[in-house]
Asker: 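Have a look at this one before I ask anything.
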Amino acid sequence: MAGSVSEKTREAAVAAPSAAASSHGDSATEDGPLATQKQQKSPVDLEKADTRVVVPKQALSEDEAFKHLPEREAKLLKDQVFTPNAKVGIATLYRYASRNDLIIMAVSAVAAIASGAALPLMTVVFGNLQGTFQDYFSFKMTYDEFTDELARLVLYFVYLAIGEFITTYVATVGWIYTGEHVSAKIREHYLESCMKQNMGFFDKLGAGEVTTRITADTNMIQDGISEKVSLTLAAVATFVAAFVISFVSYWKLTLILLSTVVALLLSMGSASRFIVKYSKQNISAYAEGGSVAEEVISSVRNAVAFGTQDRLAKQYDTHLVRAELFGFKVKSAVAIMVASMMMILYLNYGLAFWMGSRFLVDGAVPLSKILTVMMSVMIGAFNLGNVAPNIQAFTTALGAAAKIYSTIDRMSPIDPSSEEGIKLEQVRGTIRLEHIKHIYPSRPEVVVMDDVSLEIPAGKTTALVGASGSGKSTIVGLVERFYSPIEGSIFLDDVDISALNLRWLRQQISLVSQEPTLFGTTIFENIRHGLIGTKWEHESPEKQQELIEDAAKKANAHDFVVSLPEGYQTNVGERGFLLSGGQKQRIAIARAIVSDPKILLLDEATSALDTKSEGVVQAALDVASEGRTTITIAHRLSTIRDAHNIVVMSQGRIVEQGTHDDLLEKRGAYYNLVTAQAIAAVNALTAEEEEALDQETEKILIRKASTQNKQSDSKGGYIEDPEDDIAAKLNRTTTQKSASSMALANRKTEKPIKYSLWTLIRLIASFNKAEWKLMIGGMFFSAIGGLGNPTQAVFFAKLIGALSVPITPETIPQIQSDASFWCLMYLMLAFVQFISFATQGILFAKCSERLIHRVRDRSFRTMLRQDVEFFDLDENSAGALTSFLSTETTHVAGLSGVTLGTLIMVFTTLISACTVSLVFGWKLALVCISTMPVVIGCGFFRFWMLAHYQRRSKRAYSGSASYASEAITGIRTVASLTREVDVLQQYRESLAIQQRSSLISVSKSSLLYAAAQSLMFLAFALGFWYGGTLIAKYEYDMFQFFIVFSTVIFGAQSAGSVFSFAPDMGKAAESSRELKTLFDRKPLIDTWSTDGSKVKAIDGSIEFRDVHFRYPTRPEQPVLRGLNLSIQPGQYVALVGASGCGKSTTIALLERFYDPLAGGIYVDGKEISSLNINDYRRYIALVSQEPTLYQGTIRENILLGAPHEVSDDQIEFACKEANIYDFILSMPDGFNTVVGSKGALLSGGQKQRIAIARALVRDPKILLLDEATSALDSESEHVVQAALDKAAKGRTTIAVAHRLSTIQKADVIYVFDQGRIVESGTHPELMRKNGRYAELVNLQSLEKNK
């Protein structure tokens, strides 16, 4: 009989906490001593207990954490987690550059400097051309001389264009290429270094941190060593060259004009001080809002249960108001900075001409030189401004490099890549532990194993049993040498394993862990990973295929693999999520045994499986472990009864050991466990019954799915009866495939709906409706700003006309008065432009900040409106949603008024330029206008390409980054398979492929960038050449030529550069699409709806009728299978059972977080889905395992429970009931004590009692307690338990408990297993039955190890 029982044994209630930390708060926790014993010994004074004020824990420094340990142990632990800080200078950034890289960099640097110097050379040509024209008009040269000179100068423009094109192209491609190359090298070394590190390093950092470094930080480095370097070099070269040219041309005027440089730097510097100051405040104001949002979203069930969405949204809104204010200040400061730059530009023209006219009259300098100096200074000054933003990129790159290099330089104390150490010729496989003491370096305060000695004989199976946290898995980690023990040694065949070569050691051992990690490749490749480091690693693929199929057959996986459409070539998806648990586990077993290892470690290899797959996998393991040294950690005792030695552990020590029969005779801890499990096994479902039940649920699922599809498909007048369909489907249901394949079919994310741009603009405009007056004002001033350029061109031409009159004593007064007049006009223009730019900037800043505020507010409210199912989806994690609120919402502003203002400015500039030029000289105007698209395109593409380079480098590496992060997340699996070299090999290949593809794309896209830089010159050349020919024929005079040329060409230039200020429209459209999708999503259980019958009062009788349920995110996993429950008003009911058996799900369904798939839940005889959701929830209160407190005072937190106004007396009463009143009064601020973020300033017990007070302030008819005391230590547990017992009086109370001691007084105890109820009754009745409940009780007393 025993044998057949063992096949069917259900998952006993021993499931380890780690196994069950599911996303549904079912997580189990380590259990403290039984409260009952305590209560008999010492009647704790409940009023006084747990009133210590908690000092928030500062993060301990490295040394402090280990202070309590002896010197030697502290050093050992510190070595496992300590990372030295690396010093990083500019040179270290390039420490991986090869010789070729350095050569390319040198060439590119020269090219960058040359390309920068070419810009100011243009001004010399420009000045000389003006001089030539003037000479021709004053009859100093003949027609032929003039045309020759003109051709010569125009050709200079062409040469400059060609030179600029080549140098820009070389510089850009060269720097981007070396940047990619060097940062790829850094990525590679970084991952290599990670692969060498010991596990303690990852425990301390967390895999997430490691992956952000490989993605974000290396991107920052690449950003700082790529095209930014060439831009900076070019900008500096331009500045230097410009001033050299100006000083050579005429030093006095240059010195005077240096004042513009000072003015520019001053205005930029002072504005940026404000910008930095305000943006810091803006960020911190929003960060507070963001943390409110994060708090609320991460505990969204709480908000939903208490119906506090609206109040929390208001709290969020108060932070948004402050963020809006500072955001407005930032944008206004930017607007004023741009406006003052415009003003300085025009003032510079005025000053240059005015001083220039004085020098000219004195005969000190010709007009051509004045023009050269004036334009050079302008170009130089503005280019200096381009350096500042790049400097920031360099400093962030240095900062990021410091983090990354510190990891690269870290010497790992346990390094799998080292060649040192002995490799034994022959392995027998005897393992011996001697006096092992172990502490995990990430938790130095807990001693996990204390003086453990154990002999594990070769070729035999040794089983470890015990409660979670008793040190079973630690033994596995020590044998694999993931960690080094603090004291004692481990021997393999009498050789200390620390003396053996680490990689060789791990190749002798295969590990199958509880959560199998598969990698995102084919099944064949996944099993082949087991061959790494063995003699078969480089065999022919045929031989490998044969070995792999053998292993799969042994592991009982061959059949299901062959039945997959692509067989062994099926890709398992990231982390293997396309397979069910049992399938993954069997592939992991095949991977473990394919190399025929000497030692097999099974760490709860079957605990995560259902009955059916468990039998199959267990059989596979029994076959696999024959003739090898096997260490099994088991939760289900039936699986290890045949072990040669069974070791019972508790709290890091060995309690007893022997064979199954020996231990039973001892009648100790093991005996209690076995008897209870055996009886429970009789009540458990057999695999066949379970199958039948699942088919029931499955039918329901299929029926649901098919009706949904029918409703969307049938365009005809009738809907087919779903039953017709089911007959066909049922034939398939009997196979394993149906539910999970259907689940996967439904798991595809919602298809993004395509919205037209017009819809999105309408959506965004609707947020700004109130500001339409401001918008119109902004547009008016934008138009004025746009007219500045053509006006300036008229002044420019007038001045050149006035100043090129031949100088004689008669003409001097006229020249001076003309020059003064037009220079004053420049002064006026400067102020007009300042006012218009500043005003439109400030007006639009107001609008766009209002917009962002409203969008954030509405998005947050819409998120809180969604049902709990929405938050279960992976893409809607708290982190993802909060970052959506902080970043996506700001991008939306790109489609608002600012963009509109920019476009209006561009159009007014272009239209007025064309008009003016056509009026003054249509022939030249038409020629110049034909170059307009090119000039504007140049301006636009320059900025667009720079943005494109940044986006590209981020995108290009996302593929290899996710590969690296997969390897790092599964680092233990990688280490135990000794896959390090293999991982690096693949990573290198993927980097190389990306480098090749990005080199091709960069070499193409840089053509565009280089063209944008150089085509300007060709447009100049064309204009001057054609204008010159017209002048030669005396068709045009100088004034006509210059007015036409400067309106069109300079107008187009400024129009092109305006784009640099425009926010990114692509991002804006993308973000607004996501917003629209969010706003349009209607949840199934909608808290905004007013439907459903109103609830006036509730008695509190509850009934579950045949409820079936699966979580929408994991439809292949049945949770409730036909649950029947009835609860009378005022009863205290307890739900108990192993983790994952559906207890917390029952509570979630009662709160109506989800609707059941089938069956119904009735309260007072009414089905709850027919009631108004907000009314219904008003009568229920929930106290969950992790009490959720929000930032704010104790009083505010308690008030969140109340659906309406409550008096102080009621609050006081609730607090007294919850045993927390005295504690609150003992605090200096009483009820106004601030609890800190997530309640960090209070202890667990205090938080939990405040949560109870918050529940009681509602005066609920139904009180739900979801493991309300499981996270507490024993002292606070008493206090909270007492509070709960008090609270439960006179209400229907449903408690989910892990510590059975807490619910002995319950009226009815329901024992759950596999989503059904297997036993019910009071505590004494159930103990007499000696079944599943008794087993749970015995198990917990073993954990306490009385």
Side-chain angles (χ1 to χ4, degrees), residues 123-138 246 249-250 252-254 256-257 259-260 342-379 787-808 811-833 912-913 916-917 919-921 924 1020 1023-1024 1027 1031 1036-1051 1053-1054:
T123 59
V124 180
V125 184
F126 194 95
N128 286 347
L129 275 165
Q130 190 278 328
T132 315
F133 288 172
Q134 196 172 349
D135 290 347
Y136 184 59
F137 276 121
S138 48
S246 318
S249 298
Y250 188 61
K252 274 190 188 167
L253 185 57
T254 307
I256 291 171
L257 291 187
S259 59
T260 37
M342 287 296 172
M343 177 168 80
I344 291 167
L345 175 75
Y346 292 126
L347 288 177
N348 175 58
Y349 278 124
L351 178 63
F353 277 122
W354 188 65
M355 280 314 296
S357 67
R358 317 256 314 241
F359 290 133
L360 186 77
V361 172
D362 298 345
V365 68
L367 179 59
S368 61
K369 289 273 169 66
I370 292 175
L371 285 180
T372 301
V373 170
M374 177 177 80
M375 293 176 77
S376 281
V377 171
M378 258 353 279
I379 288 176
L787 292 171
N789 230 300
T791 319
Q792 161 326 92
V794 176
F795 297 170
F796 186 73
K798 283 282 189 197
L799 273 163
I800 288 184
L803 295 180
S804 44
V805 178
I807 298 171
T808 59
T811 54
I812 286 175
Q814 185 57 41
I815 291 177
Q816 281 183 327
S817 78
D818 281 356
S820 296
F821 175 73
W822 291 115
C823 288
L824 285 171
M825 292 307 283
Y826 261 124
L827 182 69
M828 178 218 57
L829 181 65
F831 285 115
V832 170
Q833 286 300 74
S912 54
V916 170
S917 58
V919 168
F920 280 99
L924 180 59
F1020 277 15
F1024 268 111
I1031 283 181
Y1036 279 26
D1037 61 15
M1038 230 144 91
F1039 170 68
Q1040 271 176 304
F1041 168 76
F1042 272 106
I1043 199 165
V1044 173
F1045 180 80
S1046 56
T1047 37
V1048 179
I1049 301 283
F1050 292 161
Q1053 242 183 314
S1054 81

Asker: Name all residues meeting the ring-ring contact (aromatic ring centres under 6.0 Å, His included) criterion together with Phe1042; count only those two or more places apart in sequence or in a different chain, and write none if there are none.
Answerer: none
Asker: Mind listing the closest non-hydrogen atom pair of Thr123 and Met375 along with its distance?
Answerer: CG2-CB, 3.6 Å
Asker: Is there a ring pair (Phe, Tyr, Trp, His ring centres under 6.0 Å) between Phe831 and Tyr346 once you walk through the steps?
Answerer: CA-CA 9 Å; Phe831 285 115; Tyr346 292 126; over 10 Å; no
Asker: Taking only residues two or more places apart in sequence, or in another chain, which ones meet Thr811 in a side chain to side chain donor-acceptor pair (under 3.5 Å)?
Answerer: Thr808
Asker: Using atom types as modelled, flag every donor-acceptor pair under 3.5 Å from a side chain in residues 817-829 to any protein atom, sequence neighbours excluded.
Answerer:
| from | atom 1 | to | atom 2 | distance (Å) |
| --- | --- | --- | --- | --- |
| Ser817 | OG | Gln814 | O | 3.2 |
| Asp818 | OD1 | Gln814 | NE2 | 3.0 |
| Asp818 | OD2 | Gln814 | NE2 | 3.4 |
| Ser820 | OG | Gln816 | O | 3.0 |
| Tyr826 | OH | Gln792 | O | 3.4 |
| Tyr826 | OH | Gln792 | OE1 | 2.7 |

Asker: Please list all pairs meeting side-chain hydrogen bond (donor to acceptor under 3.5 Å, both in side chains) that have one or both residues in residues 126-135, counting only residues at least two apart or in different chains.
Answerer: Gln130-Gln134
Asker: Looking at side-chain heavy atoms only, is the closest gap between Ile800 and Leu371 below 4.5 Å?
Answerer: yes
Asker: With sequence neighbours excluded, tell me which residues meet ring-ring contact (aromatic ring centres under 6.0 Å, His included) with Phe1020.
Answerer: Phe157, Phe1045
Asker: Look up atom CG in Asn348 and atom OG in Ser259, then write down how far apart they are to the nearest 0.5 Å.
Answerer: 7.5 Å
Asker: For Asn789, which residues count as a side chain to side chain donor-acceptor pair (under 3.5 Å) partner, sequence neighbours excluded?
Answerer: Ser1054
Asker: Checking Ser912 now: which residues fulfil side-chain contact (heavy atoms from CB on, under 4.5 Å) with it, not counting sequence neighbours?
Answerer: Leu787, Pro790
Asker: Could you tell me which residues satisfy side chain to side chain donor-acceptor pair (under 3.5 Å) with Gln833, sequence neighbours excluded, listed by chain and number?
Answerer: none
Asker: According to side-chain contact (heavy atoms from CB on, under 4.5 Å), who are the partners of Ser1046, at least two apart in sequence or on a separate chain?
Answerer: Ala793, Phe796, Phe1050
Asker: Are any non-hydrogen side-chain atoms of Phe1024 and Phe133 less than 4.5 angstrom apart?
Answerer: yes
Asker: Could you tabulate the donor-acceptor pairs under 3.5 Å formed by side-chain atoms of residues 351-367, not counting sequence neighbours?
Answerer:
| from | atom 1 | to | atom 2 | distance (Å) |
| --- | --- | --- | --- | --- |
| Ser357 | OG | Phe353 | O | 3.3 |
| Ser357 | OG | Trp354 | O | 2.6 |

Asker: About how many Å separate OG1 of Thr260 and CE of Met378, when rounded to the nearest 0.5 Å?
Answerer: 6.0 Å
Asker: Between Ser249 and Thr372, which heavy-atom pair has the shortest distance, and what is it?
Answerer: OG-CG2, 3.8 Å
Asker: Where do Thr254 and Val373 come nearest, in terms of heavy atoms and distance?
Answerer: OG1-CG1, 3.7 Å
Asker: Return the CZ to OG1 distance between Phe920 and Thr1047, rounded to the nearest 0.5 Å.
Answerer: 9.0 Å
Asker: By side chain to side chain donor-acceptor pair (under 3.5 Å), which residues pair with Gln1040, not counting sequence neighbours?
Answerer: none
